[in-house]
Number of protein chains: 2
Amino acid sequence: MNIGQAAERSGVSAKMIRYYESIGLIPKTVRTEAGYRVYSDTDVHTLKFIRRARDLGFSVEQIGVLVSLWQDRGRESTDVKRIALGHIHELERKIAELRSMAETLKHLAQHCHGDSRPECPILDELAGEDHLHNCAKRDGKILASAPRGPRKNKVTSHS
Amino acid sequence: MNIGQAAERSGVSAKMIRYYESIGLIPKTVRTEAGYRVYSDTDVHTLKFIRRARDLGFSVEQIGVLVSLWQDRGRESTDVKRIALGHIHELERKIAELRSMAETLKHLAQHCHGDSRPECPILDELAGEDHLHNCAKRDGKILASAPRGPRKNKVTSHS
DNA sequence: CCTTGACCTTCCCATGATGGGAAGGATCAT
DNA sequence: ATGATCCTTCCCATCATGGGAAGGTCAAGG
C-alpha cells in the first residue's frame with residue numbers, strides 16, 4: 001500500500017511517516033519504480049506501536065529504544081520497565097510544575113475582585129509590589145520559578 | 001545600564017530581552033551612540049514582571065496583554081482575571097492530559113515484572129496485542145489519544 | 001489518446017521560547 | 001596599547017508537527 005493508506009490505517013500522518021523515516025526511527029521503505037513508498041501490514045503495525053507510544057508522551061528518542069526492544073526477542077523486560085518508570089517520573093515532574101503554577105494563580109485569582117475597578121492583586125503580584133496582598137506567598141511556592149539556569153554575569157560596576 | 005546589567009537584575013537573559021524587543025513585547029530601547037541598548041530601573045521592573053508571568057506559564061502573547069493592562073491605569077480587573085482564569089483552565093487541561101498518560105503507564109509498569117525475561121505487558125500494550133493483560137483499558141482512557149484530526153482519505157481500492 | 005483529479009515526491013518554511021556561537025565593534029582597566 | 005569583557009547582529013538548533021509549492025504518477029472516464 002502507499003503512504004496515504006498506511007497513514008490512514010496507522011493513525012500517523014504521511015508527513016510524520018516520512019519524518020520518522022528521515023530521522024531513522026523506521027527503516028527506509030521499499031519504493032515502486034516511480035519512487036512511491038510501499039508499506040506492508042507489518043509496517044502499519046509498527047507505526048501503530050509508535051503512535052501509541054507518542055500518545056503516552058514518549059519522545060521520539062525513547063520510542064526508538066522501545067521499538068528496538070519490541071523487535072528484540074532476547075530483550076529483558078527490565079529495560080522496558082526502566083524506560084517507562086523514567087518517563088513516569090518525568091511526567092510527574094511536569095505535573096507538579098504545572099500544578100504549582102495553577103495553585104499560585106488560583107490563590108491570586110481568588111483575591112481579585114474581577115470587576116470594573118483597576119485594583120488587581122494578580123498584577124500587583126506580578127509587579128512584585130509587596131506592599132499589598134502577599135498572602136499567596138505564604139504557600140511557600142509562589143512563582144514556580146522553573147529552573148532557568150543560573151545567571152553568571154560578572155559585571156562589576158560600570159554605568 | 002547596559003543589557004547585561006538589566007539581564008542580571010531582572011532575571012531575564014540578554015538573549016531573551018533582545019527577543020522580546022524584536023517581537024514587540026517591550027518597546028525598542030534608547031541606544032548609546034555606539035548602538036548599545038540602555039535600560040532604566042523602570043525597564044528592569046517591567047522585565048521582572050515579564051519573568052514572573054513566564055514563571056507562571058503565561059505565553060508571550062498573554063504577557064503582552066498583561067503588560068498593557070498593568071500599565072493601563074483605567075484597566076478593569078475583570079480583564080486580568082479572565083486571562084488568569086483562562087490560563088488556569090489551560091494548565092489544568094494539560095495536567096489532566098499528563099496525568100492520564102502517567103496513570104496508564106503506571107498500570108502497565110505494575111504488571112511488568114521488570115526482570116531478565118522478555119515478557120512485557122508494556123510492549124504488548126503498545127503493540128496493540130489485546131490477547132494479554134488489558135486491565136488498564138478498563139480505566140476508560142487508555143491511550144490518551146490526543147485529537148489528531150480526522151483522516152479523510154478517499155482511497156478506494158488500489159493496491 | 002488525453003484530461004482530470006487524487007495521489008505521490010522533495011524541498012522550504014513556520015511554530016514557541018530559548019540557547020549556542022561566530023564575527024566584529026565598543027569600552028574599560030591596567 | 002593591550003587584553004578582557006562587554007556589546008551588536010546574524011545564523012543555527014531544539015522538538016514534533018503541519019502548510020504549501022512545484023512537479024511527477026497513476027487510474028478512470030471521455
Side-chain angles (χ1 to χ4, degrees), chain A residues 1-8 10-26 28-39 47 50-51 53-64 87 90 94 97 146-159, chain B residues 1-8 10-26 28-39 47 50-51 53-64 87 90 94 97 146-159:
Chain A
M1 78 191 82
N2 287 338
I3 198 171
Q5 279 265 303
E8 189 184 15
S10 66
V12 179
S13 72
K15 276 278 194 193
M16 291 314 296
I17 295 175
R18 294 194 194 97
Y19 171 68
Y20 291 153
E21 182 186 312
S22 80
I23 63 172
L25 177 58
I26 54 180
K28 296 191 178 174
T29 62
V30 178
R31 303 279 190 126
T32 66
E33 289 177 11
Y36 283 24
R37 290 173 179 81
V38 176
Y39 296 88
L47 287 169
I50 290 171
R51 190 183 61 76
R54 287 289 310 135
D55 286 344
L56 285 176
F58 284 101
S59 70
V60 166
E61 192 177 355
Q62 289 172 316
I63 294 175
H87 184 44
E90 182 65 11
K94 286 183 189 165
E97 189 178 337
R148 258 175 175 60
R151 243 70 51 184
K152 43 178 166 130
N153 274 9
K154 281 173 192 167
V155 178
T156 49
S157 70
H158 62 159
S159 158
Chain B
M1 76 192 83
N2 287 337
I3 199 171
Q5 280 264 303
E8 190 185 16
S10 66
V12 178
S13 72
K15 276 278 193 192
M16 291 314 297
I17 296 176
R18 293 192 196 100
Y19 172 68
Y20 291 154
E21 182 186 312
S22 78
I23 62 172
L25 177 58
I26 54 180
K28 295 191 179 177
T29 61
V30 178
R31 303 278 189 127
T32 66
E33 288 178 12
Y36 284 24
R37 290 173 178 82
V38 176
Y39 296 89
L47 287 169
I50 291 171
R51 190 182 62 75
R54 286 290 308 136
D55 287 345
L56 285 175
F58 284 102
S59 70
V60 166
E61 192 176 357
Q62 289 173 315
I63 294 174
H87 183 43
E90 182 65 12
K94 286 182 190 165
E97 190 179 338
R148 258 173 175 59
R151 240 72 48 186
K152 40 174 169 137
N153 274 6
K154 283 172 193 166
V155 178
T156 48
S157 70
H158 64 158
S159 159

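To find a chain, count down the sequence lines: A is the first, B the second, and so on, and within it residues start at 1.
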- Item | For atom CG of A:L25 and atom C1' of D:dA16, their distance in whole Å | 12 Å
- Item | Upstream residue (5' side of DNA chain C) when B:S59 and A:R31 are each assigned their closest nucleotide | A:R31
- Query: Atom OH of A:Y19 and atom C1' of D:dT14: how far apart are they, to the nearest Å?
  - Reply: 10 Å
- Rounded interatomic separation in angstrom, taking CD from A:E8 and C1' from C:dC7: 13 Å
- Query: When you check the phosphate oxygens OP1 and OP2 of C:dG19, does a side-chain N or O of B:S13 lie under 4.0 Å from one of them?
  - Reply: yes
- Verdict with reasoning, A:I63 to A:Y20, per side-chain contact (heavy atoms from CB on, under 4.5 Å): CA-CA 11 Å; A:I63 294 175; A:Y20 291 153; 5.9 Å; no
- Could you check how far CD of A:E61 sits from C1' of D:dA16, rounded to whole Å? 14 Å
- Query: Between A:H87 (side chain) and A:L56 (backbone), is there a donor-acceptor pair under 3.5 Å?
  - Reply: yes
- Message: If we check salt bridge (charged side-chain N to carboxylate O under 4.0 Å, His left out) with A:E21, which of these qualifies: A:R37, A:K28, A:K15?
- Response: A:R37
- Note on the structure: Heavy-atom nearest pair, A:V60 first then A:I23, reads CG1-CD1, 3.4 Å
- Minimum heavy-atom distance between B:Y39 and B:I17, given as atom pair plus value: OH-CG2, 3.3 Å
- Query: Does A:R37 place a side-chain N or O at less than 4.0 Å from the phosphate oxygens OP1/OP2 of C:dT10?
  - Reply: yes
- Query: To the nearest angstrom, how far is A:E21 atom CD from C:dC11 atom P?
  - Reply: 12 Å
- Message: What contact category does A:R18 fall into here, base, sugar-phosphate, or nothing, at under 4.0 angstrom with non-hydrogen atoms?
- Response: base
- Query: Separation of A:N2 atom CG from D:dG24 atom P, in whole Å?
  - Reply: 18 Å
- Is there a side-chain contact (heavy atoms from CB on, under 4.5 Å) between B:I50 and B:I26 once you walk through the steps? CA-CA 10 Å; B:I50 291 171; B:I26 54 180; 3.6 Å; yes
- Query: Rounded to whole angstrom units, what separation is found between the CD atom of B:Q62 and the C1' atom of C:dA17?
  - Reply: 14 Å
- Item | Distance in angstrom units between A:L56 CG and D:dA16 C1', rounded | 16 Å
- Item | Minimal non-hydrogen separation, A:S10 against A:L47, with atom names | CB-CB, 3.5 Å
Got a list of protein N/O to nucleotides 22-26 of chain C N/O distances below 3.5 Å?
from   : atom 1 : to    : atom 2 : distance (Å)
C:dG25 : N2     : B:Y36 : OH     : 2.8
C:dA26 : O4'    : B:Y36 : OH     : 3.1

